[in-house]
Amino acid sequence: MKPLWYAVSLLTGSLLWSSAAPAQTTASGALLQQMEQASQNLNYEFAYINVSRIGIESLRYRHAVIDNRIFAQLLQMDGPRREVIQRGNDISYFEPGLDPFSLPGNHIIDALPSVIFADFTKLASAYDFITVGRSRIADQMCDVLRIVSRDGTRYSYVVWLDVDTKLPLRIDLLDRDGETLEQFRVISFAVDEGVRNLMQGLEKANLPPSLSVPKGDAVTLTWQPGWIP
């Protein structure tokens, strides 16, 4: 695992140019919005692997909503114990050889695909969302969708969503030639109140204080970018 849980947040590239009927694109966008809502509102646990050109990581992610607050835990399953804990809007990091610390945030992005937390209403202006069928992942039937850049300058995703829960069970990040750069792949998962019960102990856990970031001087720029990739 990368030091300090380096966040994988690439969303720039393309698969192959593809056209789809408006109704199909709209239905696919709705499914992706359901994925975002399910990921934030359900009580669940993932055992999964991350595969990249650097290697393979084995991880566990737990997520629960308790009294309208999100509690989550991301744990590296092999090697030195590395852990990230979310309690509300505080994200706490525990790394071997480093003092624990906390940062403000709405969700854990370390070792999780950033597309899970994307705002698809905003991405709709730059990407096509295309349903390509169904497939089986982690012994579950899944809807398979492609997230394809319209201008060919961004990377793309292929997403497998559990038909019943709408949780993502596999996500491939593809370069502009359609080659897989990184893969998030769930091996087993559970969606039940037992996960919520396991996470209740975090309500009273003693977590490290938030890092204080010095406030910088306000700078007024006299220029604007003409094009943003």
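Rounded to the nearest 0.5 angstrom, I147 CD1 and L123 CG are separated by 7.5 Å. Rounded to the nearest 0.5 angstrom, L167 CG and F46 CZ are separated by 4.5 Å. We find the OG-CG distance between S92 and L202 to be 9.5 Å, quoted to the nearest 0.5 Å. Taking CD of E57 as the reference point, atom CD1 of I49 lies at 10.5 Å (rounded to 0.5 Å). Here the straight-line distance linking atom CE of M77 with atom CD1 of I187 works out to 12.0 Å at 0.5 Å rounding. To the nearest 0.5 Å, the span separating CG on N89 from NE2 on H107 amounts to 11.0 Å.
Counting heavy atoms from C-beta outward, R53 and L181 have side chains that approach closer than 4.5 Å. Using a 4.5 Å cut-off on side-chain heavy atoms (C-beta onward), L74 and L59 make contact. For the pair Q200/I66, a side-chain contact is recorded, criterion being any heavy-atom separation below 4.5 Å from C-beta on. Side-chain contact between T180 and L173 is absent, with no heavy-atom pair separated by less than 4.5 Å.
Residue F71 is tested with R196, Q86, E203 for a side chain to side chain contact (heavy atoms under 4.5 Å, CB included); the sole match is E203.
For D192 (side chain) and G194 (main-chain N/O), a donor-acceptor pair under 3.5 Å exists by modelled atom type. Under a 3.5 Å cut-off, the side chain of D67 and the backbone N or O of R69 do not form any donor-acceptor pair. Looking only at distances, no side-chain donor or acceptor of E193 sits under 3.5 Å from a matching main-chain atom of N197.
Side-chain atoms of N50 and Q183 form no donor-acceptor pair, as typed in the model, at a separation below 3.5 Å. Using modelled atom types and a 3.5 Å distance limit, the side chains of S102 and S210 yield no donor-acceptor pair. Checking R60 against Q73 by side-chain atom types alone, a donor-acceptor pair falls below 3.5 Å. With no hydrogens or angles considered, a side-chain donor-acceptor pair links S28 and T131 at under 3.5 Å.
Aromatic rings of F184 and Y48 (six-membered ring for Trp) have centroids within the 6.0 Å cut-off, being under it. Taking the ring centroids of F189 and Y44, they lie at or beyond the 6.0 Å cut-off.
The two residues C142 and L169 have their closest heavy-atom pair at SG-CD1, 3.7 Å. When every heavy atom of V115 is checked against every heavy atom of F120, the shortest pair comes out as O-CZ, 3.4 Å. Of all heavy-atom pairs between V186 and P168, the closest is CG2-O, 3.8 Å.
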side-chain contact (heavy atoms from CB on, under 4.5 Å) between L145 and I130: does it pass, once the steps are laid out? CA-CA 5 Å; L145 303 98; I130 305 166; over 6 Å; no
Worked verdict on R134 versus V163 for side-chain contact (heavy atoms from CB on, under 4.5 Å): CA-CA 9 Å; R134 287 188 170 181; V163 168; 3.8 Å; yes
Run the numbers on I85 and E83 for side-chain contact (heavy atoms from CB on, under 4.5 Å), then give the verdict. CA-CA 7 Å; I85 291 176; E83 185 177 13; 3.5 Å; yes
For V51 and R185, what are the C-alpha separation, side-chain angles and deciding distance, and is it a side-chain contact (heavy atoms from CB on, under 4.5 Å)? CA-CA 8 Å; V51 183; R185 192 181 188 110; 5.9 Å; no
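Residues F117 and L103 are members of one and the same hydrophobic cluster, defined by side-chain heavy-atom contacts under 4.5 angstrom among Ile, Leu, Val, Met, Phe, Trp and Tyr. By the criterion of side-chain heavy atoms lying less than 4.5 angstrom apart, applied directly or through intervening Ile, Leu, Val, Met, Phe, Trp or Tyr residues, V159 is grouped together with V144 in one hydrophobic cluster. Under the 4.5 Å side-chain contact rule for hydrophobic residues, I70 and I116 do not share a cluster. By the rule that hydrophobic residues join a cluster once side-chain heavy atoms approach within less than 4.5 Å of another member, L207 and L198 end up as members of separate clusters. When hydrophobic clusters are built by joining Ile, Leu, Val, Met, Phe, Trp and Tyr residues whose side-chain heavy atoms come closer than 4.5 Å, directly or via intermediates, V132 is grouped together with I171.
The list of salt bridge (charged side-chain N to carboxylate O under 4.0 Å, His left out) pairs with a residue in residues 156-171, not counting sequence neighbours, reads D143-K166, R170-D172.
Classified by interplanar angle (parallel below 30°, tilted 30° to 60°, perpendicular above 60°), the ring pair Y93/F101 is parallel.
In the displayed structure, D99 atom CG is contacted under 6.0 Å by at most 12 heavy atoms of other residues, nucleotides or ligands.
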Contacts under 3.5 angstrom, residues 29-41 side chains, donor-acceptor by atom type, not counting sequence neighbours:
residue: S39; atom: OG; partner: M35; partner atom: O; Å: 2.8
residue: N41; atom: ND2; partner: Q37; partner atom: O; Å: 3.0

